[in-house]
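Input: a single structure, listed below in structure tokens.
If you're wondering where the values come from, they're calculated on a predicted model, not measured in any experiment. One-based numbering, in listed order, for ligands and for the atoms of each.
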Amino acid sequence: MAKGKKTTAFFCQNCGFESAKWLGQCPGCKSWNSMVEEPLSPKSSAPRAGGADISRQSKPKTLKEIEPESANRISTGIGELDRVLGGGIVRGSLLLVGGDPGIGKSTLLLQVCRHLSAAAHPVLYVSGEESESQLKIRADRLGSFTDSLKILAETDLNRIGEILKSGVFDCVIIDSIQTMYNEEISASPGSISQVRESTGVLLRLAKEYGISIFIVGHVTKDGSVAGPKVLEHMVDTVLYFEGEAKGPYRVLKGVKNRFGSTDEIGVFEMGAEGLKEVKNPSEFMLSGRPEGTSGSVVAVSMEGRRPILVEIQALLTDTAFGLPRRQAMGTDYNRVNLLLAVLEKRVGLRLSNSDAYVNIAGGLKINEPALDLGIVMAAVSSYKNRVIDPHTAVFGEVGLSGEVRSVTGAAQRVGEAARLGFKRIVIPDAHLRDLKSLPGVELIGVRSVADLMELI
Ligand code: TYD
Ligand code: MG
């Protein structure tokens, strides 16, 4: 056998792990059956993908000479998106918007185009998925657009590159990266090497011509095309669009942001005319809350610097077939199991014969320890079939010994709950000392899960 240089390798379509031989399970991300053989990128192009050629004009500067970064931001016209971006789009940045197919990525970005074009910013929407006429139908639902927006149905990246080099566009949308095709790479569109190389080309264009480029990346579970995870390290900002496809609410989360914090979220509602901002998520999350039913508790969560009140629902019933069923929707399954175990061990509730279902109403996904006390309270309320007074809100972390621990942002949480008319707020006892009392609001400190039991 001739010992030539290897020209192909196996790549995990989920995380990009590279291996010389095929593996059933990816050692990088532990997903099964995700390794696909692909040609290795030609050597000449490999170093280009790493970074932009900004060295040409670089010279040492004092901090005063550097323009403030805020001068370089463009508002998207969508407040919730600006918040997640840290104050608008930074000129010349590369942004990745990931999410399940059908969640609303194209809709969101077309709405961004609408606002930018209304502000006379030249924008280009490149679609590799929908034809021009399909885009027109969608755009008509969203409202009127000015002529600053141009549409291009194209998947050939060389052609797109030529257009971007004209330098007329401030902002460009690439929908989606998995449809883009670079003819120097022999692999098919959607493969790791195509997706990576295309992103490398876009990165260079963004930096060299000062164009802000949004890249849409579908999250796929079956590994048929490369997922957006593969690109996270290459781009400046990574946003994920999440939510229950059937429900109206969508949450935009920042996962990485070179120009701002990553713990802000934006909340949207999908309607007949596209996505609407939800400026006051708490009120939305609590609308339609049943009153006078056991197992329903309002907990105060914190997303970024913004407190959000959510309804936690728990349903505990007798197990029919020996092995109890447990389910958590919108929160961490393991955390729910742990809290049920704490209840069993520390306050002697016999939960091993109960099925338990816990749900965060409204379709938000929240993994925050401050939700613990709310989950425990909802579970006990359902187990004992006692209704919690609807004017009660709660937050606090629960430790393994059943102790209630303090959390960050207690004052903001109490403030938001009070603003929405909650009269009784159950909080970790440690916070009582340093929180100012608010008129008409009773703060109840609890030290342990046992203290909480007395309240229910
Ligand atoms: P889309 O933006 O195409 O999702 P993605 O680009 O992430 O794949 O969203 C498609 C869904 O949104 C589709 O199920 C229809 C729905 N939708 C509305 O409910 N209202 C609207 O105004 C629009 C444009 C879409
Ligand atoms: Mg789309």
Side-chain angles (χ1 to χ4, degrees), residues 76-78 80-81 84-85 95-118 123-145 149-155 157 160 171-181 189-190 194-195 198-199 202 213-232 235 237-255 265-278 284 362-365:
T76 60
I78 301 175
E80 292 289 299
L81 177 58
V84 179
L85 292 175
L95 306 100
L96 174 67
V97 179
D100 292 332
I103 202 75
K105 301 180 292 299
S106 306
T107 308
L108 178 73
L109 292 174
L110 205 53
Q111 283 179 263
V112 170
C113 286
R114 179 159 173 259
H115 289 286
L116 290 180
S117 70
V123 286
L124 176 67
Y125 192 104
V126 182
S127 181
E129 304 202 328
E130 290 162 302
S131 66
E132 290 163 3
S133 53
Q134 279 172 317
L135 269 166
K136 191 174 167 65
I137 296 170
R138 185 199 293 268
D140 285 342
R141 288 176 72 173
L142 301 177
S144 58
F145 288 74
L149 169 70
K150 298 284 187 305
I151 301 285
L152 176 71
E154 181 62 78
T155 55
L157 209 68
I160 295 168
C171 180
V172 174
I173 316 287
I174 303 290
D175 188 3
S176 64
I177 193 70
Q178 285 118 342
T179 56
M180 293 300 142
Y181 185 78
Q194 277 291 359
V195 161
S198 304
T199 307
L202 292 169
I213 304 182
F214 282 92
I215 295 178
V216 172
H218 293 296
V219 173
T220 52
K221 306 231 157 56
D222 59 359
S224 52
V225 292
K229 278 241 163 332
V230 180
L231 306 177
E232 284 183 359
V235 301
T237 302
V238 179
L239 308 177
Y240 276 95
F241 211 27
E242 299 175 344
E244 281 169 20
K246 299 231 162 51
Y249 296 107
R250 302 283 186 272
V251 177
L252 189 68
K253 280 197 172 144
V255 176
I265 65 160
V267 185
F268 295 89
E269 188 187 4
M270 178 67 95
E273 276 131 41
L275 291 155
K276 270 218 310 272
E277 292 176 62
V278 177
F284 270 81
L364 271 188
K365 290 200 186 90

If you define the side chain from C-beta out and look only at heavy atoms, does anything of Val216 sit under 4.5 Å from Ile177? no

Heavy-atom distance under 4.5 Å between the side chains of Val255 and Leu239, does that happen here? no

Applying a heavy-atom distance cut-off of 4.0 Å, which protein residues contact ligand 1? Asp100, Pro101, Gly102, Ile103, Gly104, Lys105, Ser106, Thr107, Arg138, Arg141, His218, Met270, Gly271, Ala272, Glu273, Gly274

Report whether any nitrogen, oxygen or sulfur of Ser106 sits less than 2.8 Å from the Mg ion (ligand 2) (N, O or S, backbone or side chain). yes

Is there a side-chain contact between Phe268 and Leu252, using heavy atoms and a 4.5 Å cut-off? yes

Glu242/Arg250 salt bridge by N-O under 4.0 Å criterion: no

Counting C-beta onward and ignoring hydrogens, is there a side-chain heavy-atom pair between Glu129 and His218 closer than 4.5 Å? yes

Taking the side chain as every heavy atom from C-beta outward, state whether Val123 and Phe214 have any pair of such atoms under 4.5 Å apart. no

